[in-house]
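Because only heavy atoms are used, hydrogens play no part in the values below, and waters and symmetry mates are left out as well, while side chains stay in. Below, read A as the first sequence line, B as the second, and so on, with proteins coming before strands; counting in each chain starts at 1.
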Amino acid sequence: MKLHNTLTRSVQDIQPLQDNTVRIYTCGPTVYDHAHIGNLSTYVFADTLRRAIQLAGFETQQVMNYTDVDDKTIRRSHEQFPDDEPREALANLTEKYIAIFNEDMDKIGNDIRAVTFVSATESIEPMKELITKLHAGGFAYIADDGVYFSIEAYRKSGKTYGQLLEITAQSTSEARIQNDEYDKESVHDFALWKKQKDGEPSWEFTLDGQDLTGRPGWHIECSAMSRAALGQPFDIHTGGVDNIFPHHENEIAQSTALEDNPVMATIFAHAEHVLVDGKKMSKSAQNFYTLQDIIDKGYDPLAFRLKVLQSHYRNQANFTWESLDAAVNLLNNLRAWADLKHQKSGQAKNPGEDTYKAELQTLLAATQDDLDTPKAISALAMVAGKDEAAGVDADKIQHFLNIADRLFGLQLANRPDITHEQKDTIAEREAARLAKDWAKSDQLRAALQAQGIDLRDTPNGPVWFRV
RNA sequence: GGCGCCUUGACGGAGUGGUUACGUGGAGGUCUGCAAAACCUUUUACACCGGUUCAAAUCCGGUAGGCGCCUCCA
């Protein structure tokens with residue numbers, strides 16, 4: 001199984017550090033609002049990556065965090081729950097959006113049961129411990145408004161700040177340096193802990209004899225939680241490309257400052273952003289969509305998943321409603337194909353010996369080659385197209401569908417058969433049709449259509465499909 | 001300003017030197033009592049300008065346009 005590593009800017013083999021288990025940490029959502037389709041596409045990537053790794057023969061341990069304390073969650077919680085105590089208001093807000101996030105994940109076919117979720121507010125203790133150690137080690141200093149990480153100290157210890165991308169003096173503009181409003185020693189230094197401001201939720205924290213009651217910085221949560229949940233170093237750290245800098249760079253610094261080994265994770269894998277109508281999503285551009293917007297327009301959330309899988313995770317994909325229409329139609333065709341296994345008239349009479357064997361190899365090989373899902377989906381679509389003409393291999397298709405589902409999560413393998421009553425109606429309609437009783441035939445067909453079942457007549461008899 | 005990526009047919013989207021990707025849609029036809037996501041055919045592209053090469057969507061240079069990161073945004 002190969003995967004692109006942002007650290008080395010190359011595609012490399014996944015080799016678990018411990019036993020046969022690939023340990024994955026996925027940067028999760030900040031739960032202050034509905035996730036948008038860009039967020040969700042990144043999680044489709046993380047979900048599919050885990051699936052592909054499992055099919056490559058490895059065990060996996062995947063952890064995702066909820067960022068449930070930060071500027072945005074605090075501000076929003078104050079707006080929505082102005083009468084509650086700050087921490088209560090924060091919990092009210094984030095619990096609401098965590099629930100919505102989990103529902104969204106489920107709807108788009110991401111397997112949340114395969115992931116261990118941890119939230120920042122439940123991990124304050126390990127964060128405080130790490131900050132305390134960093135301070136004792138000389139990598140953190142206390143300023144008026146909080147505790148900062150010292151990039152200079154980190155560099156002086158012989159480690160590289162800028163492992164994921166090169167960080168130079170030229171890459172930071174003068175204006176940004178001058179506009180910097182934080183009370184810190186050096187531009188790139190970042191907050192490990194922020195002292196409480198009026199009305200903000202806070203947790204007690206004493207460092208070096210000083211009362212620093214407040215809340216954690218953003219980056220420290222992932223360093224503390226990934227270590228607590230997976231150990232260090234672990235195998236793969238995933239996120240969106242925007243996480244590369246500063247978030248992941250800062251995580252690396254925090255996580256490795258006190259270690260001999262400057263490696264936080266072997267591979268950092270980043271998903272490109274989704275564009276909408278060729279542009280970055282933004283509310284002002286009116287091209288900002290949540291999953292609910294997609295559902296409200298009548299689309300199946302799994303069509304969105306299929307659309308995401310049809311482009312490579314390291315390319316900027318362009319989301320348009322027209323492309324979602326195309327995905328819907330493909331999904332319907334795949335479903336109609338999968339449903340042929342229930343139908344004699346849709347099955348091949350003399351299937352070959354190795355039906356689906358080569359296609360299965362293509363699916364697995366493609367996804368194990370840096371998660372080439374477009375190629376794999378293309379192979380899937382071709383199998384379905386071939387079968388529609390020749391009929392499915394009733395003996396072997398189930399295994400193929402099982403593997404395809406484990407890989408893509410498109411839920412093709414366990415689609416139910418139609419009812420006995422519906423089957424009887426089809427038989428009755430076929431009898432009427434053969435007797436050239438068109439009125440009765442059409443009436444029975446209409447009755448089935450009312451139940452979401454449509455028919456097409458083939459030389460082998462009628463084939464039903466759901467509409 | 002610094003660094004990086006991208007530009008493929010109606011739409012989405014693969015493809016790092018020579019071979020129809022694939023999907024969806026459009027058009028024509030076949031089959032069919034009608035219908036149908038069935039069958040056949042068709043729509044065969046690679047931003048622009050130069051260069052390298054027997055041969056370039058694919059390599060090099062330039063131009064134009066788009067996108068991303070440069071402190072809390074997947």
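Looking only at atom types and distance, the side chain of A:Asn39 has no donor-acceptor partner in the side chain of A:Thr42 under 3.5 Å away.
A:Asn250 has no side-chain polar atom (N or O) that falls below the 4.0 Å cut-off from OP1 or OP2 of B:rC72. OP1 or OP2 of B:rC67 has at least one side-chain nitrogen or oxygen of A:Lys279 nearer than 4.0 Å. Residue A:Asn332 places none of its side-chain N or O atoms closer than 4.0 Å to OP1 or OP2 of B:rA37.
Ring pair A:Phe117/A:Tyr66: centre-to-centre distance below 6.0 Å. Proximity of the aromatic rings of A:Tyr289 and A:Phe304 is defined here by a centroid distance below 6.0 angstrom, and this criterion is not met.
Each of A:Phe190, A:Tyr141, A:Tyr161 was checked for a ring-ring contact (aromatic ring centres under 6.0 Å, His included) with A:Phe149, and the lone residue meeting it is A:Phe190.
Look at CG on A:Asp242: it is 20 Å from P on B:rG4, rounded to the nearest Å. One interatomic measurement links the two molecules: CG of A:Leu340 to P of B:rA38, which rounds to 11 Å at whole-angstrom precision. With rounding to whole Å, A:Tyr32 atom OH is found 7 Å from B:rC73 atom P. Atom CD in A:Gln443 sits about 17 Å away from atom C1' in B:rG33, given to the nearest Å. Across the protein-nucleic acid pair, A:Asn315 atom CG and B:rU8 atom C1' stand 12 Å apart, rounded to whole Å. Summarising the geometry, the separation between CG on A:Asp33 and C1' on B:rC73 is reported as 13 Å, rounded to the nearest angstrom. Atom CG of A:Leu309 is separated from atom P of B:rA14 by 12 Å (rounded to the nearest Å). Per the geometry, CG belonging to A:Leu444 stands 19 Å off P belonging to B:rA36, to the nearest Å.
The base of B:rC6 has none of its N or O atoms less than 3.5 Å from a complementary donor or acceptor on the side chain of A:Arg314. Applying the 3.5 Å distance criterion, the base of B:rC34 shares no donor-acceptor pair with the side chain of A:Lys436. In this model, no side-chain donor or acceptor of A:Asp457 finds a partner on the base of B:rC31 within 3.5 Å.
Using C1' as the reference atom, B:rU44 and B:rG23 are 16 Å apart when rounded to the nearest Å. One C1' atom belongs to B:rC67, the other to B:rA38, and the distance between them is 42 Å to the nearest Å. Across B:rG18 and B:rA55, the matching P atoms stand 14 Å from one another, rounded to whole Å. The P atoms of B:rG50 and B:rG13 are separated by 30 Å, rounded to the nearest whole Å. Across B:rU52 and B:rA14, the matching P atoms stand 32 Å from one another, rounded to whole Å. Nucleotides B:rA10 and B:rG2 are separated by 37 Å at their P atoms, to the nearest Å. Taking the P atoms as reference points, B:rA36 lies 14 Å from B:rG28, given to the whole Å. Here the separation of B:rU41 from B:rC5, taken at their P atoms, is 42 Å to the nearest Å.
Here the CG atom belonging to A:Leu380 is positioned 10.0 Å from the CE atom belonging to A:Met382, to the nearest 0.5 angstrom.
Taking every side-chain heavy atom of A:Lys280 into account, B:rC73 is the closest of B:rG12, B:rC34, B:rC73.
Taking each heavy atom of A:Gln343 and A:Pro462 in turn, the nearest pair found is OE1-O, 4.3 Å.
If you find the closest nucleotide of RNA chain B to A:Ser311 and to A:Asp454, the one lying nearer the 5' end belongs to A:Ser311. Nearest-nucleotide assignment on RNA chain B puts the 5′-proximal partner with A:Tyr313, out of A:Tyr313 and A:Leu275.
By the criterion of a centre-to-centre distance under 5.5 Å and near-parallel planes under 30°, the ring of A:His273 forms no stack with the base of B:rG68.
At a threshold of 4.0 angstrom between heavy atoms, the contacts of A:Ala336 with the nucleic acid are absent.
A:Lys297 forms a cation-pi arrangement with A:Trp321, by the criterion of a distance under 6.0 Å to the ring centre and an angle within 45° of the ring axis.
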